[in-house]
Chemist: 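Quick one: the structure is below, questions incoming.
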Amino acid sequence: MEIQSVKGTRDFYPEDMAKRNFIADLWKQVSLRNGFVEYDGPIFEYLAMYQLKSGDEIASQLFAFEDRGGRMLAIRPEITPTLARMVNQRINTLPRPLKWFSVPRLCRAERPQKGRLREFFQWNIDIIGVDDCLADAEVIFCSVDFLMQTGLTSSDVIVRISSRKLIAAMLEYFGVEKEQLEKVYGVLDKKSKIPQETFEKMLEEVITEQAKRRKVLELMSVNSLEQLEDFAGSDKNAKEAIDELKKLFEYLNLMGITEFCRFDISIVRGLAYYTGIVFEIYDKSEQLRAICGGGRYDNLLADFGGPKISATGMGMGDCVLGIVLEEKGLFKNLSQKSGIEYFVAFADDALQNEAIKLVARLRRAGLKADFSYKGGSLGKQLKQASMQSAGRCIIVGQEFTQKGELIIKDMKTGNQETIAANEFFSRL
RNA sequence: GUGGGUGUAGCUCAGUUGGCUAGAGCACUAGAUUGUGGUUCUAGGGGUCGCGGGUUCAAGCCCCGUCACUCACCCCA
């Protein structure tokens, strides 16, 4: 029986690996230039760690197993709990603020669909120990900085920003009971994904009084902070949240990325742990799920047994991003990049040993060099050089045995020059 | 967990109303080409038509089941 790959996993053939590395290398590069340092953790942890904040239901969506000592473990479905654990363990010695990033490989036992697989990579950046929304602005800037670096522009992607604090304040202001908040969040999060009529029906199920419902509907149709201010009246909590958002947008303006950003009250984010500013970045075609999402989670470290220290961060998976970059044709020049610098061809099979020596010398000098194992006609070898996208070809022939000269052929222009081998190596 | 779609070569697919030894393009290997590449030409390898059953003289095609993949829902850390 032929063994096939597991559902929701990917094989990375060299051309796929080139794309994956293009993304991962850029993630790292952009993280570093934004002042983040890299960390990583184990790929499996105690199952209990993931159940701690999310409950048992999440357990069915992760790959869990028992080790030989009877410990219940799980392959990491996210890295934030690991981050919280690591930070808590050394909280007294780590200088704050912390700006950490990671590119973990994650697994979730969900049904795969477009833009969602069971195994994927996710870029995470987090800033720990900064209350001010300047940290949120930095997280957003770093995300946008990366997207711009791939070649995407403000006509391709949009950052939709809102605030959990704001929604909570407004709902309370309208008189929605605290116990209902979570359910209402769930419905609000759907708003931009479903027809208005369906949305109103769903809202009816979680808010029974019509008066409150009308207010919520009105709130959801707000599309600017100014409009919101009138609407919120003199409610103190709401005003605080609005001021914070205004401050955030000022920072984003200083950073020069306002054209990417928009206030969007329908951004709520799925699960419970967000406490303040939240955002998601979307491809403007609106056909795909979010490219990335993040926000403030000020209680997480405390939830994991540490002190109450504020934190904000973002996660960006490689699946949706890969689809966007593919659609926009932004995986450019990947094969050329991987091409070798020198291909050493030999005109006579007896000269293969000389070619081997030359290749070894080039490689020791730090150059990408290769040659043919089976030799054959010069034409064949040059063909192989083309296949390997060699920049130049070195031809070892009669001139070498007679005068110690090499022919250096530029594979792009076809021009070639003859040069003494010693001279060639002294130039490297 | 629920519903839709699709399974023919490594990839993209054709295959008539059920009818001879199942095809094409791309890719791969070799040759034309033992001192000059990408082009071109020629040849070759590669398929239990997802799997199992049924109908039929005859099934890639029709029927039933099953598995896989995929898309959407649920969920989305």
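Labels below follow one simple rule: chain letters A, B, ... track the order of the sequence lines, proteins then strands, and each chain is numbered from 1. This structure is a prediction, so every number in the text was calculated from the model and none was measured.
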Chemist: For nucleotides 27-39 of chain B, read 5' to 3', which letter fits each nucleotide if B means a protein heavy atom sits under 4.0 Å from the base, S means only the sugar-phosphate is that close, and - means neither?
Modeler: -S-SS--SBBBB-

Chemist: Map every base of RNA chain B to its dot-bracket character, where paired means a Watson-Crick or G-U wobble contact with both distances under 3.5 Å and | marks a partner outside the strand.
Modeler: (((((((..((((.....[...)))).(((((.......))))).....(((((..]....))))))))))))....

Chemist: Salt bridge or not for A:Glu423 and A:Arg427, using N-O below 4.0 Å?
Modeler: yes

Chemist: Would you say A:Thr312 and A:Asp136 are linked by a side-chain donor-acceptor pair, where the criterion is simply a distance under 3.5 Å?
Modeler: yes

Chemist: Starting at CD of A:Glu15 and ending at C1' of B:C11, how long is that distance when rounded to a whole Å?
Modeler: 11 Å

Chemist: Rounding to the closest angstrom, what is the interatomic distance between B:U36 and B:G44 at atom P?
Modeler: 29 Å

Chemist: Determine the interatomic distance between C1' on B:U6 and the same-named atom on B:G50; round to the nearest Å.
Modeler: 11 Å

Chemist: Does this structure show an ion pair linking A:Lys201 with A:Glu204, if we count only N-O contacts that are shorter than 4.0 Å?
Modeler: no

Chemist: Is the A:Trp27 to A:Phe121 ring centre distance short of 6.0 Å?
Modeler: no

Chemist: Which residues pass the ring pair (Phe, Tyr, Trp, His ring centres under 6.0 Å) test with A:Phe63, not counting sequence neighbours?
Modeler: none

Chemist: With sequence neighbours excluded, what pairs up with A:Phe371 under the ring pair (Phe, Tyr, Trp, His ring centres under 6.0 Å) test?
Modeler: A:Tyr373

Chemist: May I ask you to decide whether A:Lys28 forms a salt bridge with A:Glu38, counting only side-chain N to carboxylate O separations under 4.0 Å?
Modeler: yes

Chemist: Provide a list of protein-nucleic acid N or O atom pairs under 3.5 angstrom, restricted to nucleotides 72-74 of chain B.
Modeler:
{"unit_1": "B:A72", "atom_1": "OP2", "unit_2": "A:Lys114", "atom_2": "N", "d": "3.1"}
{"unit_1": "B:C74", "atom_1": "N4", "unit_2": "A:Gln113", "atom_2": "NE2", "d": "3.1"}
{"unit_1": "B:C74", "atom_1": "N4", "unit_2": "A:Arg116", "atom_2": "NH2", "d": "2.8"}

Chemist: Rounded to the nearest angstrom, tell me the gap between atom CD in A:Glu110 and atom P in B:G1.
Modeler: 14 Å

Chemist: Output one line per pair: protein atom, nucleotide atom from nucleotides 5-10 of chain B, and distance, for all N/O pairs under 3.5 Å.
Modeler:
none

Chemist: If the condition is side-chain contact (heavy atoms from CB on, under 4.5 Å), which residues does A:Thr153 pass it with, not counting sequence neighbours?
Modeler: A:Ser155, A:Asp156

Chemist: Between C1' on B:A77 and CZ on A:Arg118, what's the gap in Å once rounded to a whole number?
Modeler: 16 Å

Chemist: Considering only residues two or more places apart or on different chains, which pairs with a residue in residues 117-131 of chain A satisfy salt bridge (Lys or Arg N to Asp or Glu O under 4.0 Å)?
Modeler: A:Arg105-A:Glu119

Chemist: Measure up the A:Phe331 and A:Phe22 rings against each other and bin them: parallel (under 30°), tilted (30 to 60°), perpendicular (over 60°).
Modeler: perpendicular

Chemist: To the nearest Å, how far apart are A:Leu52 CG and B:A77 C1'?
Modeler: 14 Å

Chemist: Please state the P separation for the pair B:C11 and B:U21 - nearest whole angstrom.
Modeler: 27 Å

Chemist: May I ask you to decide if the ring planes of A:Tyr297 and A:Tyr273 are parallel, tilted or perpendicular, using 30° and 60° as cut-offs?
Modeler: tilted

Chemist: Tell me which residues in residues 303-320 of chain A put a heavy atom below 4.0 Å from RNA chain B, sorted by number, or none.
Modeler: none

Chemist: Which residues pass the ring pair (Phe, Tyr, Trp, His ring centres under 6.0 Å) test with A:Tyr342, sequence neighbours left out?
Modeler: A:Phe424

Chemist: If we take the C1' atom in both B:G45 and B:A9, what is their distance in whole Å?
Modeler: 11 Å

Chemist: Only counting residues at least two apart or in another chain, list the ones meeting ring pair (Phe, Tyr, Trp, His ring centres under 6.0 Å) with A:Tyr274.
Modeler: none

Chemist: Please state how far atom OH in A:Tyr274 lies from atom C1' in B:C76, giving the value in whole angstrom units.
Modeler: 11 Å

Chemist: Taking atom C1' in both B:C13 and B:G60, what distance in whole Å separates the two?
Modeler: 14 Å

Chemist: Identify whether the distance between the nearest side-chain nitrogen and carboxylate oxygen of A:Lys165 and A:Asp298 falls below 4.0 Å.
Modeler: no

Chemist: What is the separation between atom OH on A:Tyr297 and atom P on B:A77, rounded to the nearest whole Å?
Modeler: 14 Å

Chemist: Does this structure show an ion pair linking A:Asp40 with A:Arg76, if we count only N-O contacts that are shorter than 4.0 Å?
Modeler: yes

Chemist: Taking B:A14 as the reference, what is the distance to B:G25 when you measure between their P atoms (whole Å, please)?
Modeler: 16 Å

Chemist: So, are A:Lys183 and A:Glu205 salt-bridged, with charged N and O less than 4.0 Å apart?
Modeler: no

Chemist: Say we look at B:C76 and B:G1: how far apart would their C1' atoms be, to the nearest angstrom?
Modeler: 16 Å

Chemist: Expressed as a whole number of Å, how far does the C1' atom of B:A22 sit from that of B:G46?
Modeler: 14 Å

Chemist: How would you list, by chain and number, every residue that makes a side-chain contact (heavy atoms from CB on, under 4.5 Å) with A:Asn92, sequence neighbours excluded?
Modeler: none

